[in-house]
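Report on the structure given below.
Note that ligands are numbered from 1 as they come in the structure, with each ligand's atoms numbered from 1 the same way. Values below: every heavy atom of this structure, side chains too, minus hydrogens, waters and symmetry copies.
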Amino acid sequence: MILMKDIVRDGDPVLRSEAKQVTFPLSEEDQKLAADMMEYLVVSQDPEQAKKYGLRAGVGLAAPQVGVSKMMAAVLVPSEDPEKASPFTDVIINPVIISNSVQPGALLEGEGCLSVDEDVPGYVPRHDRITLRYQNLDGETKKVRLRDYPAIVCQHEIDHLHGILFYDHIDKEHPFTAPEDTVMFE
Ligand SMILES: O=CN(O)C[C@@H](CC1CCCC1)C(=O)N1NCCC[C@H]1C(=O)Nc1ccccn1
Ligand code: NI
């Protein structure tokens, strides 16, 4: 089970490396890694379990964050209301953003990262809408269109696979400015 002690923190070169493509069929090791990363998200989003294991709740986790430089990330975007399904839940392998809106999108409250212990305030301008192509655990190629929060989460994870951290996108001089047509959301 992945615990906070297993999460690599900023400063470790693995977080600034280009991850390697994952080959199929997945090795036993890659299958376990994917399962462990998704398990972290599930457990961390259950307040009781998170407390029990001392986990910071997460909606995404990329392999480099557990020291594995491979093109793989788990995403579990919680649904707004318990009756509804999650807007996006999957393990995205060898993900590529094949198209995106010109219009930017950003979280009003900025972003954080399980691998960055200090808060870095500021808007993180990303694409508001993306078309994402990736392979799932079965090696099937998926193509999904995402917008707003699910799109932000996936972009944050894909950045990790290319050695990019959220604060790289924050304007140092004017952290709370964003292009005027930016869609801002909670
Ligand atoms: O690369 C992956 N990471 O670094 C985990 C990050 C990924 C998100 C940050 C912004 C977009 C994707 C993460 O999830 N967080 N960042 C740090 C602490 C908070 C936590 C979070 O947003 N938690 C959350 C939010 C809603 C519901 C439940 N939990
Ligand atoms: Ni992160």
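- Atoms CG and OH, from Leu114 and Tyr40 in turn, are 5.0 Å apart once rounded to the nearest 0.5 Å.
- The environment of Asp119 atom CG is sparse: at most 12 non-hydrogen atoms of other residues, nucleotides or ligands sit within 6.0 angstrom.
- Listed by number with element, the atoms of ligand 1 under 4.0 angstrom from any heavy atom of Gly58 are 14 (O).
- Other residues, nucleotides and ligands contribute at most 12 non-hydrogen atoms within 6.0 Å of the CZ atom of Arg145.
- Of the options Met37, Glu186, His156, the smallest heavy-atom separation from atom 11 (C) of ligand 1 is shown by His156.
- Ligand 1 lies out of reach of Ala62, whose nearest heavy atom is not under 4.0 Å from it.
- Here salt bridge (charged side-chain N to carboxylate O under 4.0 Å, His left out) pairs that include residues 42-63, with residues two or more places apart or in two chains, number zero.
- Taking a cut-off of under 4.0 Å to the non-hydrogen atoms of Tyr149, the atoms of ligand 1 that pass are 25 (C), 26 (C).
- The closest donor-acceptor contact from the side chain of Arg9 to the backbone of Ile7 lies under 3.5 Å.
- Atoms of ligand 1 lying under 4.0 Å from any heavy atom of Cys113, numbered from 1 in the order shown and given with element: 4 (O), 16 (N), 17 (C).
- Just one residue in the list Val8, Ile2, Leu15 forms a side-chain contact (heavy atoms from CB on, under 4.5 Å) with Gln65, and that residue is Leu15.
- Counting the atoms of ligand 1 from 1 in the order shown, those under 4.0 Å from a heavy atom of Gly60 are 2 (C), 3 (N), 5 (C).
- No continuous path of ILVMFWY side-chain contacts below 4.5 Å connects Phe24 to Tyr134, so the two sit in separate hydrophobic clusters.
- Excluding waters, the set of protein N/O/S atoms under 2.8 Å from the Ni ion (ligand 2) reads Cys113 SG, His156 NE2, His160 NE2.
- Atoms of ligand 1 lying under 4.0 Å from at least one heavy atom of Arg56, given by number and element, are 17 (C), 18 (C).
- Using a 4.5 Å cut-off between side-chain heavy atoms of Ile, Leu, Val, Met, Phe, Trp and Tyr, with links allowed through other members, Phe88 and Ile98 fall into different hydrophobic clusters.
- Heavy-atom proximity to atom 9 (C) of ligand 1, evaluated over Gly112, Gly110, Pro150, is greatest for Gly112.
- Following chains of ILVMFWY side-chain contacts shorter than 4.5 Å, one can reach Leu3 starting from Met38, so the two form part of one hydrophobic cluster.
- Contacts between Gln45 and ligand 1 below 4.0 angstrom, taking non-hydrogen atoms only, are absent altogether.
- Residue His160 places a heavy atom less than 4.0 Å from ligand 1.
- For atom 4 (O) of ligand 1, the nearest non-hydrogen atom of the protein is Leu114 N, 2.9 Å.
- Proximity of a side-chain donor or acceptor of Thr177 to a complementary backbone N or O of His174 within less than 3.5 Å is detected.
- Within a 6.0 Å radius of CD in Glu109, more than 12 heavy atoms belonging to other residues, nucleotides or ligands are found.
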Residues Asp90, Lys142; criterion salt bridge (Lys or Arg N to Asp or Glu O under 4.0 Å); working and verdict: CA-CA 10 Å; Asp90 214 346; Lys142 298 284 183 185; over 6 Å; no
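- Of all protein heavy atoms, the one closest to atom 20 (C) of ligand 1 is Ala57 O, 3.2 Å.
- Both Leu26 and Val68 are assigned to one and the same hydrophobic cluster, defined by single-linkage of ILVMFWY side chains at heavy-atom distances under 4.5 Å.
- If you check which protein heavy atom lies closest to atom 7 (C) of ligand 1, you get Glu157 OE2, 3.7 Å.
- Looking at atom 14 (O) of ligand 1, its nearest protein heavy atom turns out to be Val59 N, 2.9 Å.
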